[in-house]
K.L.:
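First, the structure itself, so that you have it in front of you.
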There are 4 protein chains.
Amino acid sequence: MAKKTGDKYRAIIEAAVKVIAENGYHNAQVSRIAREAGVADGTIYLYFHNKEDVLISLFQVKMGEFTAAARQELASTADPFERLARLVHLHFTNLEADRNLALVMQIQLRQSDPGIRRGIAEPLREYFHLIEGVINYGVEMKAFRPDLDVRLARQMIFGTMDEVATCWVMSHHPYSLAGLSGQVYQLLARGLTGA
Amino acid sequence: MAKKTGDKYRAIIEAAVKVIAENGYHNAQVSRIAREAGVADGTIYLYFHNKEDVLISLFQVKMGEFTAAARQELASTADPFERLARLVHLHFTNLEADRNLALVMQIQLRQSDPGIRRGIAEPLREYFHLIEGVINYGVEMKAFRPDLDVRLARQMIFGTMDEVATCWVMSHHPYSLAGLSGQVYQLLARGLTGA
Amino acid sequence: MAKKTGDKYRAIIEAAVKVIAENGYHNAQVSRIAREAGVADGTIYLYFHNKEDVLISLFQVKMGEFTAAARQELASTADPFERLARLVHLHFTNLEADRNLALVMQIQLRQSDPGIRRGIAEPLREYFHLIEGVINYGVEMKAFRPDLDVRLARQMIFGTMDEVATCWVMSHHPYSLAGLSGQVYQLLARGLTGA
Amino acid sequence: MAKKTGDKYRAIIEAAVKVIAENGYHNAQVSRIAREAGVADGTIYLYFHNKEDVLISLFQVKMGEFTAAARQELASTADPFERLARLVHLHFTNLEADRNLALVMQIQLRQSDPGIRRGIAEPLREYFHLIEGVINYGVEMKAFRPDLDVRLARQMIFGTMDEVATCWVMSHHPYSLAGLSGQVYQLLARGLTGA
DNA sequence: TATGAATGAGGGTTCATTCAT
DNA sequence: CATGAATGAACCCTCATTCAT
C-alpha cells in the first residue's frame, strides 16, 4: 500500500495540482482528481494513504524538487549577494513557471488542518534551512551584518517573498513576478547590511 | 436579520475566537460556538448570515478595531522611523495580547474558501493602506529612499511581520513576540533606507 | 387564547391567503404572514392555535361563506336544472373573483398533512352535502334519473368542477372560468339524466 | 450520477411507495426509505438527484407503466363505449391493486411544491392525451356528441375518476373501487352522449 | 392585548474510503 | 495492480413557537 513511485503516482500528483487550482481545495473531490488522472477512485488509495496524503505528497514532491534545484544553483556562486539575488529570482521564477502550482502553493495549501500543516512542515523547514544557509554564508563572508538574528532574517526573506508571491497570484492584472526579483533583492539586501 | 450589534453579537464573536482557536475552523461546529456564547444555535443566525459570516465578521471587527487604534497611535508622532517602529510594535503587541485571536488570525483565517477570502480582503486592504501611509510619509520626509516601490515595501513590511507572527503562534516554546519588534524594526528600517 | 373574531383575525386570514398564494405553502412563514397582516409574530398565536390552524381556519371561513351564500342562492329557484346550473356557476364565479384565493384553494391547500386534511374535511363535507341536496332534489322532482347513486353523482359533479378549476388556475393563458359554466353544466346534466 | 435503472433503483422506488404511504411525504426521511430498500443512505443519491426526485421518478415510472398498459389495452377494442368503460375500469383496477401506491398517488403526491408539480406534469399530460384520444375516437365514430369540447370532456372524465378514487382511499370503510367502474362509466357515457 | 427576540429540534446531502470482483 | 459501486458518518440551517416585557 502507498507505493510512492510510478507513472500513476506522478499522474495523480499532477492531476491534483490541476484540479485543486481550478476548483479550490474544498471542491477537489478525490473522484475528480482520479478522473483527471485517468485512474479509478480506488487506485488513488494504492498510491496514497488518504486525500490529505495526496496534498502533502504534492507539496513534498514539488517543494523538494525546488529546494534541491535551488541548493545546486546557489552553490555555483561564491558571492553572498549573488546567492541572495538568485534565491529570490529562483523563488519567483519557479512560481511563475506554473501558475496552477503557484495557486495551490500560495492559496489552496494554506489550510488550517493540523495534518496538512504537519506534513508541510518538514519540506518547508528544509527550505528555511536553505535560506538560513544563505544568511549564514553572508555573515561569515562579512557581507551581511554580524549581529543578524538568523531566524528573524530568514523570516523577513521568506515572509517578503511569500507575500509578494501571494499578491501576484491573487492579482487580476497580469504582470511578471520574476521581474520584481531585482527590487525585492535590493530591499532585502539593504535590510541585511544596512547603514 | 443579521443585526450586527449588541451584547450577543460580541459574545458570539468572542466565543467563535475561542472555539475556532481550540478546534480549528472546520471542527468549530456552530452548536459549539453557540454553547460557548451561552445562546441557542438559532440565535447565531439572528446576528450572522451563516457560519462563514461569523468568521468574516470576527476578522472585520478585530481588524477594524486594530487598524483604527493603530491609525490614531501612529498619528501621534511625527518621526517617520518612530512610526514604523510603532507599527511593528502595535502589530506584535496586539497579537500577543490574545493568543486565541492570534491563532485564528494567523492560522485559521488562512482558508482558501473564496467567500472568506473576499470578506477578509477589504479590512486587510485598509491595513495595507495604513502601512503604505507610513511608507509614503517616510519618503516625503526624506527619511526613506526616494526610489522605493511603495507596494513592494508594504509587502516586505507586512510579509515580514506576518511571517514572524505565524512562526510565533506555531512555536511550541513560548517567547515574547513583542520583544522581537525592535529587531524586526531594525531589519525593515534598513531595507527602507539602506546604503 | 385563540379568539376567533375581530379585525386582526380577518387581517391574518387575508394576509395568509396573499402570502401563501404568492410564495407557496412552504415559503409562507408565520413571520411573513404576520408582517403582511401588520401584526407581530406572537399576535398570530393570540388568534390561532398554530400555523396549521391558520390554514384550516382560512379554509373554514372562506368555504363556510361560500357554502352559506350558495345555499341561499340555490333555494331561490325551484327548477332542479336551474339549481345545478347555478351551483356550477357559483363555484366558478367564486373562484374567479379572487385569484389568490383560488390558488390557495386549488393548489396550496392540497397538502397531505393529516391535520390539514382533517380540518378541511368538515367544511368540505358540508359543501358535499349541499351538492347532494341538489341531486336529491332533482331526483325527487323526477328531473334526474331515479337510479342515481347520490354519492357517485356528487363525486362526478365536484370532481369535474374541481378539475376544471384546477386546470384554470394552473393555466398560463388567461381565460374566463365562469364562461365555462354553461358547457360544464350541460355535460353534468346529461350525465344525471341521460338517454 | 442518477443512474435510472437497475435492481436498486426499483427497490428504492418500491421502498419509497411504502414509506411515503405509511408516513406521508414530509415524514418520509431519506434514511427510512434507504433502510426499507436495504441500501445505505448515500446509495439513494447514486440513483436519484434528491428526495424530490425520488417522488417524481416514482410517479413517472408508475404512471408511465400504467399509461403504456392502458394504451395497449384500449387499442384492442374498436367500440368507443367499450374503450371508455375499459379506461375507467383500468384506472380503478390499477389503483385498487396497490393500496400503498394509491395512497401516494391520490394523497401524498398532491404537494404544492413547484418542483414536484413540474415533474408530475409531463406523465400526467400523456395520460390526459390518452383520455382525449378516447374522446376524439368516440366523436369520430359518431358515438359521442359532435359538439363536445374535448378538454372539458377530459376534465370531466379525469376529475370524476380522480375524485371517486380519492374518496375511496380516504374512506375508513373498505369497499371495492373497481366495483364502481360500471356506474361511473354510465354517468360519464351519458354526459358524453346525452339526450 | 401586543410584542419580537430567543429558542432548539430535526433531516437532507456530500464525499472520503472500502472491498468484492 | 486496478476498478467503481456502495457505504454511512457528520453538520449547517430553518422556522414554528414561546414568554418576559
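As a basis for the values below, the full set of heavy atoms in this structure was taken, side chains included, without hydrogen atoms, waters or symmetry mates. Order of the sequence lines sets the chain letters (A, B, ...), proteins ahead of strands, with each chain counted from 1. Note that the coordinates shown come from a computational prediction; the quantities given were computed from them, not determined experimentally.
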K.L.:
Mind checking the C1' distance from dT21(F) to dT1(E)? Whole angstroms is fine.
P.N.:
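Comparing C1' positions in dT21(F) and dT1(E) gives a spacing of 13 Å.
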K.L.:
Nearest of dG12(E), dC15(F), dT7(E) to any side-chain atom of Leu46(B)?
P.N.:
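Comparing dG12(E), dC15(F), dT7(E) against the side chain of Leu46(B), the answer is dT7(E).
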K.L.:
Under 3.5 Å, is there a donor-acceptor pair linking the side chains of Ser57(C) and Lys4(C)?
P.N.:
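Side-chain D/A pair, Ser57(C) to Lys4(C): present.
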K.L.:
With nearest nucleotide decided by heavy atoms, which residue, Val30(A) or Asn50(D), maps closer to the 5′ end of DNA chain E?
P.N.:
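Going by which nucleotide is closer to the 5' end, it is Asn50(D).
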K.L.:
Hey, could you give me the CD1/CD distance between Ile56(B) and Gln111(B), rounded to the nearest 0.5 Å?
P.N.:
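Here the rounded value is 11.0 Å.
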K.L.:
Any Lys/Arg nitrogen of Arg32(C) or Glu36(C) sitting under 4.0 Å from an Asp/Glu carboxylate oxygen of the other?
P.N.:
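No, Arg32(C) and Glu36(C) are not salt-bridged.
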K.L.:
How long is the line joining CD1 of Ile33(C) and P of dT3(E), in whole Å?
P.N.:
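The distance from CD1 of Ile33(C) to P of dT3(E) comes to 16 Å, rounded to the nearest Å.
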K.L.:
Measure the acute angle between the ring planes of Tyr9(D) and Phe48(D), then classify it against the limits of 30° and 60° as parallel, tilted or perpendicular.
P.N.:
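Aromatic pair Tyr9(D)/Phe48(D) classed parallel.
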K.L.:
Would you please confirm or rule out a distance under 4.0 Å between OP1 or OP2 of dA6(F) and any side-chain N or O of Thr43(D)?
P.N.:
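The answer is no; no side-chain N or O of Thr43(D) sits under 4.0 Å from OP1 or OP2.
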K.L.:
Whole Å only: how far is the CD1 atom of Ile12(A) from the C1' atom of dT17(E)?
P.N.:
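It is 15 Å, rounded to the nearest whole Å.
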K.L.:
Of Val39(A) and His26(B), whose nearest nucleotide on DNA chain F comes first from the 5' end?
P.N.:
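On the 5' side of the pair lies Val39(A).
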K.L.:
Using the six-membered ring of Tyr25(D), assess whether NZ or CZ of Lys51(D) lies under 6.0 Å from its centre and within 45 degrees of the ring axis.
P.N.:
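Here Lys51(D) passes the 6.0 Å and 45° test against Tyr25(D).
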K.L.:
If you assign each of Lys51(A) and Glu52(D) to its closest nucleotide in DNA chain E, which residue comes earlier from the 5' end?
P.N.:
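Final value for this comparison: Glu52(D).
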K.L.:
Could you state the atom-to-atom distance from CD1 of Ile44(D) to P of dG11(E) in whole Å?
P.N.:
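So the two atoms are 15 Å apart, to the nearest Å.
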K.L.:
When you match Asp41(B) and Asp41(C) each to their closest nucleotide on DNA chain F, which lands nearer the 5' end?
P.N.:
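Result of the comparison: Asp41(B).
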K.L.:
Between dC15(E) atom C1' and Tyr25(A) atom OH, what is the distance in whole Å?
P.N.:
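It is 12 Å, rounded to the nearest whole Å.
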K.L.:
Between C1' on dT14(E) and CZ on Phe48(D), what's the gap in Å once rounded to a whole number?
P.N.:
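Distance, rounded to whole Å: 18 Å.
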K.L.:
Distance check needed: dT14(F) P versus His49(B) NE2, whole Å only.
P.N.:
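Roughly 11 Å, once rounded to whole Å.
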K.L.:
Which whole-number value in Å describes the distance from Arg32(C) CZ to dG4(E) C1'?
P.N.:
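Roughly 18 Å, once rounded to whole Å.
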K.L.:
Apply the side-chain contact (heavy atoms from CB on, under 4.5 Å) test between Gln108(B) and each candidate in Ile20(B), Val17(B), Asn100(B), Leu58(B); give the one that qualifies.
P.N.:
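Of Ile20(B), Val17(B), Asn100(B), Leu58(B), side-chain contact (heavy atoms from CB on, under 4.5 Å) with Gln108(B) is met by Ile20(B) alone.
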K.L.:
Stems in DNA chain E: runs of 3 or more consecutive Watson-Crick or G-U pairs, distances under 3.5 Å?
P.N.:
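Stem segments, range with range: E:2-21 with F:2-21.
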K.L.:
Between Lys8(C) and dA2(E), does any side-chain N or O lie under 4.0 Å from OP1 or OP2?
P.N.:
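True: Lys8(C) side-chain N/O within range (under 4.0 Å) of dA2(E) OP1/OP2.
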K.L.:
Taking the side chain of Tyr47(A) as heavy atoms from C-beta outward, which of dA16(F), dG11(E), dA2(F) is closest to it?
P.N.:
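Out of dA16(F), dG11(E), dA2(F), the nucleotide with an atom closest to Tyr47(A)'s side chain is dA2(F).
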K.L.:
Report yes or no: does Arg110(C) contribute a side-chain atom to a donor-acceptor pair with the main-chain N or O of Met105(C) at less than 3.5 Å?
P.N.:
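Yes, because the side chain of Arg110(C) sits within donor-acceptor range (under 3.5 Å) of the backbone of Met105(C).
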K.L.:
As a test of reading the structure: which of dC13(F), dC11(F), dG12(E) is closest to the side chain of Tyr45(B), going by heavy atoms?
P.N.:
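The listed nucleotide nearest to Tyr45(B)'s side chain is dC13(F).
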K.L.:
Taking Glu14(B) first and then Arg10(B), would you say they form a salt bridge - that is, a charged N and a carboxylate O separated by under 4.0 Å?
P.N.:
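Salt bridge present between Glu14(B) and Arg10(B).
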K.L.:
Calculate the interatomic distance between Gln29(C) atom CD and dT14(F) atom P; express it in whole Å.
P.N.:
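After rounding, the gap between these two atoms is 10 Å.
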